[in-house]
> 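Once you've had a glance at the structure underneath, I'll fire off some questions.
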Amino acid sequence: MKRVFFLLLVASFTLFTSCDIDDDVNYHFEALQVKSVEMPEAFDYGEIYKIKVTYFRPNNCTFFEGFDVVKEALTTRKVVTIGTVIEDEEECTGSGEDLVATFNFEVLYDEPYLFRYWTG
């Protein structure tokens, strides 16, 4: 019984060490141009708002990754739309398209906010 267990353990170890997880996909992150933003006229302290951003996707090798919201001052936020660009792709086509994504923003201060969106 010990011998069977040992053989199964060795076989499992050999099988898992021969697996190649690296799929050789080369990519990099890139800022995507913001075209327009829909947000409320005013914020209420303590509330959470969904902000709608229209961004430009240049081709079919670029995919939306998320938003980078950086606090520059107490109530100033720099917002950049981040995309993943797959490199070494033969079929990067398309003249680009405008897409929409949203992010949640929580109002933490009872003062006016200034948002700076990366537009290119």
Side-chain angles (χ1 to χ4, degrees):
M1 183 68 176
K2 287 183 183 181
R3 185 174 204 154
V4 172
F5 178 75
F6 178 75
L7 289 175
L8 284 174
L9 183 65
V10 170
S12 298
F13 181 77
T14 305
L15 179 67
F16 288 121
T17 57
S18 65
C19 292
D20 185 16
I21 298 175
D22 186 20
D23 56 4
D24 293 331
V25 174
N26 293 324
Y27 65 91
H28 67 273
F29 296 108
E30 189 173 284
L32 301 176
Q33 180 184 14
V34 172
K35 301 289 226 159
S36 65
V37 177
E38 289 181 29
M39 50 191 312
E41 288 288 323
F43 292 123
D44 291 326
Y45 175 75
E47 295 295 318
I48 297 175
Y49 294 88
K50 191 171 282 226
I51 298 178
K52 187 175 176 182
V53 177
T54 301
Y55 66 93
F56 181 70
R57 177 183 175 202
N59 56 43
N60 66 343
C61 292
T62 304
F63 300 94
F64 175 75
E65 192 65 34
F67 292 98
D68 185 21
V69 182
V70 177
K71 180 179 177 180
E72 291 186 324
L74 184 65
T75 58
T76 302
R77 302 295 185 266
K78 180 174 72 172
V79 181
V80 179
T81 306
I82 304 296
T84 302
V85 180
I86 297 180
E87 301 169 349
D88 305 328
E89 196 63 36
E90 309 283 326
E91 300 289 326
C92 289
T93 59
S95 59
E97 61 183 329
D98 290 341
L99 298 173
V100 176
T102 60
F103 69 94
N104 291 329
F105 178 73
E106 183 177 5
V107 181
L108 299 175
Y109 303 102
D110 194 16
E111 296 181 24
Y113 278 86
L114 173 64
F115 290 85
R116 296 181 175 165
Y117 292 92
W118 190 83
T119 58

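Bear in mind that the values here come from a model prediction, so they are computed numbers and not experimental data.
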> With side chain to side chain contact (heavy atoms under 4.5 Å, CB included) as the test, would you mind laying out the steps for Y113 and T76 before giving the verdict?
CA-CA 6 Å; Y113 278 86; T76 302; over 6 Å; no

> V79, I48: one ILVMFWY side-chain cluster at the under-4.5 Å cut-off?
no

> Measure the spacing between CZ of F103 and CE of M39 and express it to the nearest 0.5 Å.
6.5 Å

> Which atom pair, heavy atoms only, marks the closest approach of I86 to Y27?
CA-CB, 4.2 Å

> Does L114 belong to the same Ile/Leu/Val/Met/Phe/Trp/Tyr cluster as V53, with side-chain heavy atoms less than 4.5 Å apart forming each link?
no

> Report the distance from atom CD of E30 to atom CD1 of I82, rounding to the nearest 0.5 Å.
9.5 Å

> With hydrophobic residues grouped by side-chain heavy-atom distances under 4.5 Å, do Y109 and V70 end up in a single group?
no

> Could you tell me which non-hydrogen atom of W118 sits nearest to which non-hydrogen atom of A31, and how far apart they are?
CZ3-O, 3.7 Å

> Starting from the C-alpha separation in whole Å, work towards a yes-or-no answer on side chain to side chain contact (heavy atoms under 4.5 Å, CB included) for R77 and R116.
CA-CA 6 Å; R77 302 295 185 266; R116 296 181 175 165; over 6 Å; no

> Take T81 and F64, measure what side chain to side chain contact (heavy atoms under 4.5 Å, CB included) needs, and give me the verdict at the end.
CA-CA 8 Å; T81 306; F64 175 75; 3.7 Å; yes

> Which atom pair, heavy atoms only, marks the closest approach of V107 to F43?
CG2-CB, 3.5 Å

> Sort and list the pairs that fulfil salt bridge (charged side-chain N to carboxylate O under 4.0 Å, His left out) and have at least one residue in residues 92-101, not counting sequence neighbours.
R57-E97

> Stepwise, does the side chain to side chain contact (heavy atoms under 4.5 Å, CB included) test hold for L99 with Y55?
CA-CA 6 Å; L99 298 173; Y55 66 93; 3.6 Å; yes

> Name all pairs fulfilling the salt bridge (charged side-chain N to carboxylate O under 4.0 Å, His left out) condition that reach into residues 41-50, sequence neighbours left out, sorted by first residue then second.
none

> Other hydrophobic cluster members with V85, side-chain heavy atoms of Ile/Leu/Val/Met/Phe/Trp/Tyr under 4.5 Å, chained?
none

> Looking only at heavy atoms, what is the nearest atom pair of F29 and E65, with distance?
CE2-CG, 3.9 Å

> Would the number of heavy atoms belonging to other residues, nucleotides or ligands and lying under 6.0 Å from CZ of F56 be above 12?
yes

> How close do V34 and T119 get, heavy atom to heavy atom, and via which atoms?
O-CG2, 3.6 Å

> Is there a path of hydrophobic side-chain contacts, each under 4.5 Å between heavy atoms, that joins Y117 and V100?
no

> Any chance you could measure L32, atom CG, to F67, atom CZ, to the nearest 0.5 Å?
9.5 Å

> Give me the atom names and distance for the closest heavy-atom approach of Q33 to G120.
CG-N, 4.3 Å

> Is any side-chain heavy atom of T62 closer than 4.5 Å to a side-chain heavy atom of C92?
no

> Does F115 have its ring centroid less than 6.0 Å away from the ring centroid of F105?
yes

> Crowded around Y45 OH? As in, over 12 foreign heavy atoms under 6.0 Å?
no

